[in-house]
Amino acid sequence: MPDKKDYYEVLGVSKDASEKDIKTAYRKLAMKHHPDRSDDPGAEEMFKELSEAYAVLSDPDKRQKYDQFGHAGINSQYSQEDLFRGVNFEDLLRGFGAGGESIFDMFFGGGGGRRGPARGRDLRYDIDLTLEQASRGLDTTIEVPRTENCPKCQGSGAKAGTSPVTCSTCRGSGQVTRAQNTPFGQMVTSSTCPKCGGRGELITSPCEDCSGTGRARKARKINIKIPAGVEDGQHLKLRGQGDSAGPKGVSGDLYVVINIQPHRLFQRLDSDLIMETPVSFTQAALGADLEVPTLNGRARIKVPAGTQTGTVFRLRGKGMPRLHGTGSGDLHVKVKINTPASLTSRQRQLLEELAEEFGEAKRSSTEKEKEKEKSLIDKIVDEVKSAVQ
């Protein structure tokens, strides 16, 4: 398959890597990407990819065929179930929530004759926070519509006084297995039982409340704790708070996605905050001691004489709390010098006197007219000279 990555590249080992090197690399990466350990939405696919690479490269025969023919040599010889058969994942993954059976469940929903518990659907809940709430953290209660076990039949789907019966087609496994002879040997495939839909049981007398589904829709209140310093787009993973998968299944997870609303004063850059504050030109010229807002009150900055517009002052520890560290970021205050839109006659007079002191005295209208007239005469003379030449 052209879209598959090279198995050696997946495990991060060279083509002459020893069996021990391959085992060490797989265990290290599997611990990092196992879905029970990682909140990354792509962790399960990565874990599958790693496990398939290990299943091939840890077996001398499969590795020899892969080295010689690449993925084509593997795909023509083995079904996915055959790839994993005989691989001792149990010893490799013991101690962090994944055994050989969980590998089969991920790929085949119970392949190899073993059926793992059904899993409910994951849910998403978006919550809006102000920057102040994100700075302080928040303990709150949310209401999430989700599917739960029917309270009347406790999720069995069967009417009170009755029980589900074992499916005669799959004999309770929820899977039907088919063996097929091919030029490369016998290929065994598994699929969901068409009679019971993978449940392994049949309901002869369905519950009146849930019509035999074993499920009920309910808005459930859930307490959540959002840590201080959380960033926009981050999420909390609440295990088992998603949809139910029935009395024998495992409930899905709930992902609470954080949306932080824009702030009227502050812009955020990681754990730092940036703001702009107006300063009069007299304060900038003479210097001033100013008070500025922060997320947790007010602070003071000292503006030295001669400060230019765009100058940035840094207030350490006045930014956002660091989510995965200690302390807080900084607040960066950018100065913007304001020019008055209107002046009193006295203010105008004083500014004109100041301009004269700086050699920037305002020219009279008469001087401007004379300069304009001179420019016009010079232009005419230049045109005459050009015509004569």
**Q** Mind running ring pair (Phe, Tyr, Trp, His ring centres under 6.0 Å) on H33 and F47 for me, showing each step along the way?
**A** CA-CA 6 Å; H33 295 287; F47 184 75; 8.8 Å; no

**Q** Can D289 and K302 be counted as an ion pair, charged N to O under 4.0 angstrom?
**A** no

**Q** Is it the case that one hydrophobic cluster holds both L269 and L323, taking links as side-chain heavy atoms less than 4.5 Å apart, direct or via other members?
**A**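 No, L269 does not connect to L323 through the hydrophobic network.
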
**Q** Under 3.5 Å, side-chain donor or acceptor atoms of residues 336-346 against the rest of the protein: list the pairs with distances, not counting sequence neighbours.
**A**
| from | atom 1 | to | atom 2 | distance (Å) |
| --- | --- | --- | --- | --- |
| T344 | OG1 | Q347 | N | 3.1 |
| T344 | OG1 | Q347 | OE1 | 3.4 |

**Q** Run L50 and L11 through side-chain contact (heavy atoms from CB on, under 4.5 Å) and show every step you take.
**A** CA-CA 6 Å; L50 290 166; L11 292 177; 3.9 Å; yes

**Q** Under a single-linkage definition using a 4.5 Å side-chain heavy-atom cutoff for Ile, Leu, Val, Met, Phe, Trp and Tyr, are V256 and I222 assigned to the same hydrophobic cluster?
**A** yes

**Q** Using only atom types and a distance under 3.5 Å, with no angle test, would you say the side chain of R314 pairs donor to acceptor with the backbone of D330?
**A**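 Here the side-chain-to-backbone pair does not exist.
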
**Q** Going by atom types only, do Y8 and R63 share a side-chain donor-acceptor pair under 3.5 Å?
**A** yes

**Q** Do K334 and T277 have side chains that approach each other closer than 4.5 Å (heavy atoms only, starting at C-beta)?
**A** no

**Q** How many angstroms lie between atom NZ of K221 and atom CD1 of I142, to the nearest 0.5 angstrom?
**A**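 Reported value, rounded in 0.5 Å steps: 12.0 Å.
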
**Q** Provide the closest heavy-atom pair for V56 versus K62 in the form atom of the first, atom of the second, distance.
**A** O-CB, 3.6 Å

**Q** For Q241 and R146, which I'm curious about, is there any donor-acceptor pair between the side chains at under 3.5 Å?
**A** yes

**Q** Could you give me the CA-CA distance, side-chain angles and deciding distance for T166 and E201, then say whether side-chain contact (heavy atoms from CB on, under 4.5 Å) is met?
**A** CA-CA 4 Å; T166 301; E201 299 174 330; 5.5 Å; no

**Q** Any link between M275 and L273 through a network of hydrophobic side chains (Ile, Leu, Val, Met, Phe, Trp, Tyr) touching at under 4.5 Å?
**A** yes

**Q** Between K65 and D59, is there a side-chain N and carboxylate O pair less than 4.0 Å apart?
**A**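 Judged by the 4.0 Å cut-off on N to carboxylate O distance, K65 and D59 do not form a salt bridge.
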
**Q** Under a 3.5 Å threshold, yes or no: a donor from one side chain and an acceptor from the other, between T311 and Q308?
**A**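 Per modelled atom types, T311 and Q308 side chains form no pair under 3.5 Å.
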
**Q** Rounded to the nearest 0.5 Å, what's the gap from CZ on R268 to CG on L295? Could you check?
**A** 9.5 Å

**Q** Can you tell me if Q267 has over 12 outside heavy atoms packed within less than 6.0 Å of its CD?
**A** no

**Q** Going from SG on C207 to NZ on K152, what distance comes out if it is rounded to the nearest 0.5 angstrom?
**A**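 So the gap between those two atoms works out to 6.0 Å.
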
**Q** Can you tell if the side chain of V335 reaches within under 4.5 Å of the side chain of F313, non-hydrogen atoms only?
**A** yes

**Q** Between the side chain of E208 and the main-chain N/O of P206, is any donor-acceptor distance below 3.5 Å?
**A**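 Judged by distance alone, no pair lies under 3.5 Å.
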
**Q** Step through the shown structure and confirm whether more than 12 heavy atoms of other residues, nucleotides or ligands are within 6.0 Å of CZ on R322.
**A**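 Count over threshold, so yes.
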
**Q** Would you name the heavy atoms of E231 and I260 that are closest together and state the gap between them?
**A**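 That would be C-CD1, 3.6 Å.
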
**Q** Output the distance between atom OG (S135) and atom CE (M320), rounded to the nearest 0.5 Å.
**A**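 S135 atom OG to M320 atom CE measures 4.5 Å (nearest 0.5 Å).
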
**Q** Any idea which heavy atoms bring D253 and R239 closest together, and the distance?
**A** OD1-CA, 3.2 Å

**Q** Indicate whether any N or O donor in one side chain lies under 3.5 Å from an N or O acceptor in the other, for T147 and R217.
**A** yes

**Q** Going through the checks in order, is the side-chain contact (heavy atoms from CB on, under 4.5 Å) test met by C210 and R215?
**A** CA-CA 6 Å; C210 65; R215 314 279 182 84; 5.8 Å; no

**Q** Could you work out, with side chain to side chain contact (heavy atoms under 4.5 Å, CB included) as the rule, every residue matching S58, not counting sequence neighbours?
**A**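 Side chain to side chain contact (heavy atoms under 4.5 Å, CB included) list for S58, sorted by chain: Y54, V87.
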
**Q** Can you list the residues that meet the salt bridge (charged side-chain N to carboxylate O under 4.0 Å, His left out) rule with D21, with sequence neighbours excluded?
**A**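 So D21 forms no salt bridge (charged side-chain N to carboxylate O under 4.0 Å, His left out) with any residue.
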
**Q** What's the shortest heavy-atom distance between C196 and G200, and which atoms?
**A** SG-N, 3.1 Å

**Q** Roughly how far apart are L315 CG and D272 CG, rounded to 0.5 Å?
**A**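 Answer for the CG-CG pair, L315 versus D272, is 11.0 Å.
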
**Q** Salt-bridged, K218 to E148, with N to O below 4.0 Å?
**A**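 Judged by the 4.0 Å cut-off on N to carboxylate O distance, K218 and E148 do not form a salt bridge.
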
**Q** Which pair of heavy atoms, one from C150 and one from D209, lies closest together, and at what distance?
**A** SG-CB, 4.1 Å

**Q** Side chains of N296 and T294: is there a donor and an acceptor less than 3.5 Å apart?
**A**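 T294 and N296 do not have a side-chain donor-acceptor pair below 3.5 Å.
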
**Q** Using the benzene-type ring in the case of Trp, are the ring centres of Y66 and H71 under 6.0 Å apart?
**A** yes

**Q** Any donor and acceptor pair, going by atom type alone, linking the side chain of E352 with main-chain N or O of Q349 inside 3.5 Å?
**A**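 Checked: no pair found.
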
**Q** At their closest point, which heavy atom of S51 faces which heavy atom of Y26, and how far apart are they?
**A** OG-OH, 2.9 Å

**Q** Assess the side chains of T204 and K159: does a donor N or O sit below 3.5 Å from an acceptor N or O?
**A** no

**Q** Is any side-chain heavy atom of Q261 less than 4.5 Å from a side-chain heavy atom of L129?
**A**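 A side-chain contact is absent here, since even the closest heavy-atom pair is not under 4.5 Å.
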
**Q** So among D126, I226, D232, which one has a side chain to side chain contact (heavy atoms under 4.5 Å, CB included) with I258?
**A**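 Result: among D126, I226, D232, I226 is the only option passing the side chain to side chain contact (heavy atoms under 4.5 Å, CB included) with I258.
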
**Q** Find out if a path of hydrophobic residues (ILVMFWY) with successive side-chain heavy-atom gaps under 4.5 Å connects I301 to F281.
**A** yes

**Q** Treat each ILVMFWY residue as a node, draw an edge where side-chain heavy atoms are under 4.5 Å apart, and state whether Y125 and L138 are in one component.
**A** yes

**Q** Check for a donor-acceptor pair, side chain of D243 on one end and backbone N or O of G252 on the other, with a separation under 3.5 Å.
**A** no

**Q** Show your reasoning for whether side-chain contact (heavy atoms from CB on, under 4.5 Å) applies to N259 and I127.
**A** CA-CA 6 Å; N259 300 312; I127 184 169; over 6 Å; no

**Q** Atom OG in S251, atom CG in D122: separation rounded to 0.5 Å?
**A** 10.5 Å

